[in-house]
Amino acid sequence: MKEITLFMPAKINLSIDVLNRRADGYHYVEMIMQAIDLYDIVRVEKQTSGITVKCEHSDVPEDQRNIAWKAAEHFFAELLVQEGPSIEKGACISIKKAIPVFAGLGGGSTDAAGVLKALNMLYNNCLDGKKLLQISKRLGADVAFFLRGGTQKAEGVGEELTELPEFEGINLVLVKPDFSVSTPWAYQSLDLNQMGERPDTAYIVNAIKQKNINNLASSMRNVLESVTIKEHPEINTIMEKMIEYGALGSRMSGSGPTVFGIFPDEQTAKLAQSKLINEYTHVYYNKSIGRGKY
Ligand code: ATP
């Protein structure tokens, strides 16, 4: 096998809670993450040496700054430790972006996870799951989630994952407004004493276990909204519109600015999508997906 192409999904955060801030600026969080059927296409081809990245997107670098490039670099460093210098180590990576950039949908992290998965397959699964997980954590908190996908609870600084029962087929509409939000800025600006209503994560996990979409939709919370909405009130307007157009619940994903709504059925979701398309440029209809369906 010389090359592999993977469809790597985006994620939404069904909830985000921040428990504490560490002295080094990192935050202890409790998040529920859900993979959705919006995919970047990541193609990885073995080459004799070096790493190259191709990605035709004005906001995505094609050099060492690309997180996919870093993923390959870390993979090969580990391969060198484990297998020694005799094995040829090189990768030509091409990425077709469908996941909007700077959106709160984990686009870069999923590409990085895709490169780790693809390289491991191309190198006969020489790194075990534990090693891949270790590498993913060095690349960024969300990368580990995308190695498995599905529905997961993330704790610690976002890298301690617990798999939850799969909740596939939830009808979602996403709106990505025409501005972007920096994740570090959102966390730095967060006032832990003024986060608004915090999620009851145990209740949300229970709703997922019972596949109770009404309870899930009505209990979703994201404390980062307290920061982002102050700067961009448009996010609140979109959430209100989602509800007006039939959503059971609506929240911002990650640090934003993408807003998603959970709808009771496909028809209501598509009708809402058709209305939102008149007002926003980037509107998506998606479904939640299970683990490893990519
Ligand atoms: P998250 O939801 O994980 O916070 P995000 O949607 O806020 O993610 P991304 O789109 O993943 O943000 O990343 C945006 C930044 O990362 C930009 O500076 C972009 O240039 C850089 N970047 C590096 N590699 C990639 C990649 N493969 N895809 C997208 N962005 C990348």
Side-chain angles (χ1 to χ4, degrees), residues 6-16 18 26-27 29 31-36 38-44 51-75 91-119 136-147 149 152 154 157-159 161 174-190 222-225 227-228 231-232 235 251-260 282 284 286:
L6 295 176
F7 284 66
M8 294 303 297
K11 58 85 183 162
I12 53 171
N13 297 89
L14 297 173
S15 78
I16 300 185
V18 173
Y26 277 92
H27 292 79
V29 296
M31 304 193 285
I32 309 291
M33 302 172 81
Q34 174 64 59
I36 64 171
L38 172 62
Y39 301 100
D40 279 355
I41 304 174
V42 179
R43 181 176 173 277
V44 182
I51 300 165
T52 48
V53 173
K54 289 178 201 145
C55 181
E56 284 178 20
H57 192 297
S58 54
D59 292 327
V60 179
E62 291 183 306
D63 53 24
Q64 291 93 325
R65 288 169 299 161
N66 196 303
I67 188 169
W69 199 100
K70 289 181 191 144
E73 188 182 37
H74 278 80
F75 180 89
C92 175
I93 299 161
S94 74
I95 302 169
K96 275 209 176 85
K97 299 278 319 168
I99 304 171
V101 178
F102 281 128
L105 300 174
S109 304
T110 203
D111 296 346
V115 167
L116 293 182
K117 282 166 74 123
L119 281 175
S136 72
K137 287 176 186 177
R138 279 178 233 145
L139 294 165
D142 287 351
V143 181
F145 165 78
F146 288 111
L147 289 177
Q152 300 190 41
V157 292
E159 84 304 358
L161 297 167
L174 275 64
V175 172
K176 149 85 177 73
D178 280 329
F179 50 85
S180 47
V181 173
S182 144
T183 305
W185 166 81
Y187 275 98
Q188 278 157 23
S189 312
L190 185 69
N222 179 349
V223 297
L224 295 177
E225 286 170 12
V227 176
T228 315
E231 195 77 13
H232 303 286
I235 288 173
R251 292 263 74 100
M252 182 180 84
S253 182
S255 57
T258 302
V259 171
F260 66 92
H282 307 288
Y284 307 82
N286 289 104

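A quick note: this is a predicted structure, and the numbers were derived from the prediction, not measured. Counting from 1, the numbers follow the sequence of the chain as shown. Both counts, for ligands and for their atoms, begin at 1 and track the order of listing. Computation of the quantities below employed the complete heavy-atom set of this structure, encompassing side-chain atoms and omitting hydrogens, waters and symmetry-equivalent molecules.
In this structure, the protein non-hydrogen atom closest to atom 24 (N) of ligand 1 is Ile67 N, 3.1 Å.
Near Arg65, meaning under 4.0 Å from one of its heavy atoms, ligand 1 places the atoms 23 (C). Listed by number with element, the atoms of ligand 1 under 4.0 Å from a non-hydrogen atom of Leu105 are 2 (O), 6 (O). Close approach of ligand 1 to Asp142 (heavy-atom distance below 4.0 Å) involves ligand atoms 3 (O). Ligand 1 places these atoms under 4.0 Å from at least one heavy atom of Pro61: 20 (O). The Asp111 neighbourhood of ligand 1 comprises atoms 26 (C), 27 (N), 28 (N), with distances under 4.0 Å to a heavy atom of that residue. Residue contact check: Lys11 has heavy atoms under 4.0 Å from atoms 2 (O) of ligand 1. Residue-ligand proximity, Gly104 to ligand 1, at heavy-atom distances under 4.0 Å covers atoms 2 (O), 5 (P), 6 (O), 7 (O).
Note: Glu225 CD to Ser253 OG = 10.0 Å, rounded to the nearest 0.5 Å. Here the CG-CE distance, from Leu147 to Met8, works out to 7.5 Å after rounding to the nearest 0.5 Å.
Ring pair His27/Tyr187 is tilted by interplanar angle, where 30° to 60° counts as tilted.
The shortest N or O to N or O distance between Val101 and ligand 1 is not below 3.5 Å. Residue Phe102 places at least one N or O, backbone or side chain, under 3.5 Å from an N or O of ligand 1. Below 3.5 Å of separation, one finds an N or O of Asn66 facing an N or O of ligand 1.
Using a non-hydrogen distance threshold of 4.0 Å, Lys97 registers as a contact of ligand 1. For Gly108, the heavy-atom gap to ligand 1 drops under 4.0 angstrom. Residue Ala103 places a heavy atom less than 4.0 Å from ligand 1. Heavy-atom distances between Gly106 and ligand 1 reach below 4.0 Å in at least one pair.
When Val60, Val115, Asp59 are checked for heavy-atom proximity to atom 20 (O) of ligand 1, Asp59 turns out nearest. Of the options Thr258, Thr183, Val181, the smallest heavy-atom separation from atom 4 (O) of ligand 1 is shown by Thr183.
In this structure, Asp111 contributes its side chain and Ala68 its backbone to no donor-acceptor pair below 3.5 Å.
Atom NZ of Lys96 sits in a sparse spot, with 12 or fewer heavy atoms from other residues, nucleotides or ligands closer than 6.0 Å. Summarising the local packing, OH of Tyr26 is surrounded by 12 or fewer heavy atoms from other residues, nucleotides or ligands at distances under 6.0 Å. A 6.0 Å sphere centred on CD of Glu56 holds no more than 12 heavy atoms belonging to other residues, nucleotides or ligands.
You'll find the side chain of Val227 stays beyond 4.5 Å of the side chain of Ser255, heavy atoms only. Met252 is listed as a side-chain neighbour of Leu224, based on a closest heavy-atom distance under 4.5 Å. Residues Phe146 and Leu116 fail the side-chain proximity criterion, which asks for heavy atoms closer than 4.5 Å.
Put simply, the residue from Val60, Ile93, Ile67 that forms a side-chain contact (heavy atoms from CB on, under 4.5 Å) with Val53 is Ile93.
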